[in-house]
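Residue numbers start at 1 and run along the sequence shown. Atoms within each ligand, like the ligands themselves, are counted from 1 in listed order.
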Amino acid sequence: MEIKLEDLKILYSSEQLQTRIAEVSKELNNFYNGEEVIAICVLKGAVVFATDLVRHLDMPLKIEFIRLSSYGSSTTTSGKVNAVDIKLPDLNGKNVLIIEDIVDTGLTAKFLVDFIHMNFHVKTLKFCSLLDKKITRKVDIEPDYYCFDVDDKFVVGYGLDYDGYYRNLPYIGYKE
Ligand code: IMP
Ligand code: MG
């Protein structure tokens with residue numbers, strides 16, 4: 001599949017994204033109730049979402065970045081998660097919030113949740129994803145918080161890429 005900018009249809013507009021991110025942020029602010037949070041942004045896809053989301057969060061917060069990859073340059077997952085860079089500070093006793101762009105097969109989410117539980121005794125671990133593609137799930141995992149559902153479409157924009165491109169679009173688009 002090749003994706004050209006002129007073929008893209010808007011699935012979620014910039015306004016829809018911002019409105020929903022503000023709503024989800026309120027849920028997070030209620031849950032954490034002012035307690036410190038370590039947010040972990042999964043590069044590269046979650047970077048746009050994470051930077052918008054954290055600006056709504058009202059507790060003491062630190063951001064860490066890790067880099068995982070599972071896709072290569074195709075539009076279907078390779079089925080194997082690569083920990084390209086997973087250096088993290090001591091998370092023992094912390095409220096940890098993972099910020100992801102999309103949960104698709106769930107392999108990345110499961111890898112990361114297992115990795116954190118294997119290495120740390122965290123106080124809380126929550127998973128917040130911009131998008132949830134439930135229909136393609138292969139492992140039993142659900143994001144604790146998410147903004148929007150996606151059916152079996154390959155989407156781009158707002159951090160999500162096709163072969164590295166389109167992360168800079170302010171909306172979520174798809175090719176029909
Ligand atoms: P999973 O491990 O299959 O759940 O895939 C997670 C990763 O695949 C996400 O972090 C994305 O980077 C990528 N991904 C899954 N679906 C899409 C899509 O529709 N567009 C762009 N990237 C996607
Ligand atoms: Mg990703």
Side-chain angles (χ1 to χ4, degrees), residues 1-14 16-18 20-21 24 28 38-54 63-88 96-119 125-176:
M1 177 169 69
E2 215 203 317
I3 299 179
K4 293 195 187 120
L5 188 58
E6 58 268 28
D7 298 335
L8 288 179
K9 302 257 182 313
I10 294 182
L11 183 61
Y12 297 114
S13 69
S14 174
Q16 284 174 302
L17 292 170
Q18 296 306 325
R20 181 68 187 131
I21 289 167
V24 170
L28 290 166
I38 311 291
I40 300 178
C41 169
V42 185
L43 295 174
K44 299 173 188 172
V47 70
V48 179
F49 173 46
T51 53
D52 276 347
L53 183 78
V54 295
I63 309 184
E64 297 294 332
F65 295 91
I66 62 169
R67 190 157 164 212
L68 303 178
S69 76
S70 63
Y71 260 55
S73 63
S74 82
T75 56
T76 51
T77 178
S78 66
K80 202 174 138 272
V81 180
N82 263 336
V84 182
D85 174 8
I86 198 163
K87 283 192 285 297
L88 285 167
V96 177
L97 175 65
I98 299 169
I99 306 177
E100 235 313 22
D101 52 359
I102 185 166
V103 182
D104 177 17
T105 61
L107 288 165
T108 305
K110 183 159 187 342
F111 171 88
L112 196 47
V113 167
D114 289 349
F115 178 87
I116 289 174
H117 283 312
M118 270 189 299
N119 287 281
L125 179 59
K126 295 288 175 189
F127 198 103
C128 179
S129 184
L130 175 69
L131 302 174
D132 189 1
K133 214 193 256 187
K134 295 190 173 72
I135 194 161
T136 43
R137 200 74 95 247
K138 287 190 181 146
V139 290
D140 183 20
I141 193 157
E142 297 298 329
D144 301 291
Y145 300 89
Y146 69 95
C147 294
F148 290 106
D149 284 301
V150 180
D151 56 20
D152 195 9
K153 285 185 173 72
F154 189 80
V155 294
V156 296
Y158 199 71
L160 292 116
D161 73 304
Y162 168 69
D163 200 13
Y165 294 102
Y166 304 127
R167 296 191 197 276
N168 54 318
L169 300 178
Y171 56 86
I172 300 281
Y174 69 100
K175 185 185 163 181
E176 244 175 355

Q. Going by distance alone, is a donor N or O of one side chain under 3.5 Å from an acceptor N or O of the other, for T136 and D104?
A. yes
Q: Name the option, out of T108, D101, V42, L68, that contains the heavy atom nearest to atom 12 (O) of ligand 1.
A: D101
Q. Which residue, R20, K134, E100, forms the side-chain hydrogen bond (donor to acceptor under 3.5 Å, both in side chains) with Y146?
A. K134
Q) Does the N or O separation between V155 and ligand 1 drop below 3.5 Å for any pair? A) yes
Q. Hey, does K153 sit under 4.0 Å from ligand 1 if you only count heavy atoms?
A. yes
Q | 4.0 Å heavy-atom contact, D161 with ligand 1 | A | yes
Q | Short N or O distance, V156 and ligand 1, threshold 3.5 Å exclusive | A | no
(Q) In the structure I gave you, are the side-chain heavy atoms of T105 and V139 within less than 4.5 Å of one another anywhere? (A) no
Q: Answer with yes or no whether A109 contacts ligand 1, where contact means a heavy atom under 4.0 Å from a ligand atom.
A: no
(Q) With no hydrogens and no angle check, just 3.5 Å: does a side-chain donor-acceptor pair link Y158 and N168? (A) no
(Q) At under 4.0 Å between heavy atoms, is it the side chain or the backbone of L160 that contacts ligand 1, or both, or neither? (A) side chain
(Q) Ignoring hydrogens, what is the shortest heavy-atom contact between S129 and V103? Give both atom names and the distance. (A) OG-N, 3.5 Å
Q: Could you check R137 against D132 for salt bridge (charged side-chain N to carboxylate O under 4.0 Å, His left out), going step by step and ending with a plain yes or no?
A: CA-CA 9 Å; R137 200 74 95 247; D132 189 1; 2.6 Å; yes
Q: Heavy-atom contacts with T105 under 4.0 Å: which atoms of ligand 1 show up? List them by number with element.
A: 1 (P), 2 (O), 3 (O), 4 (O)
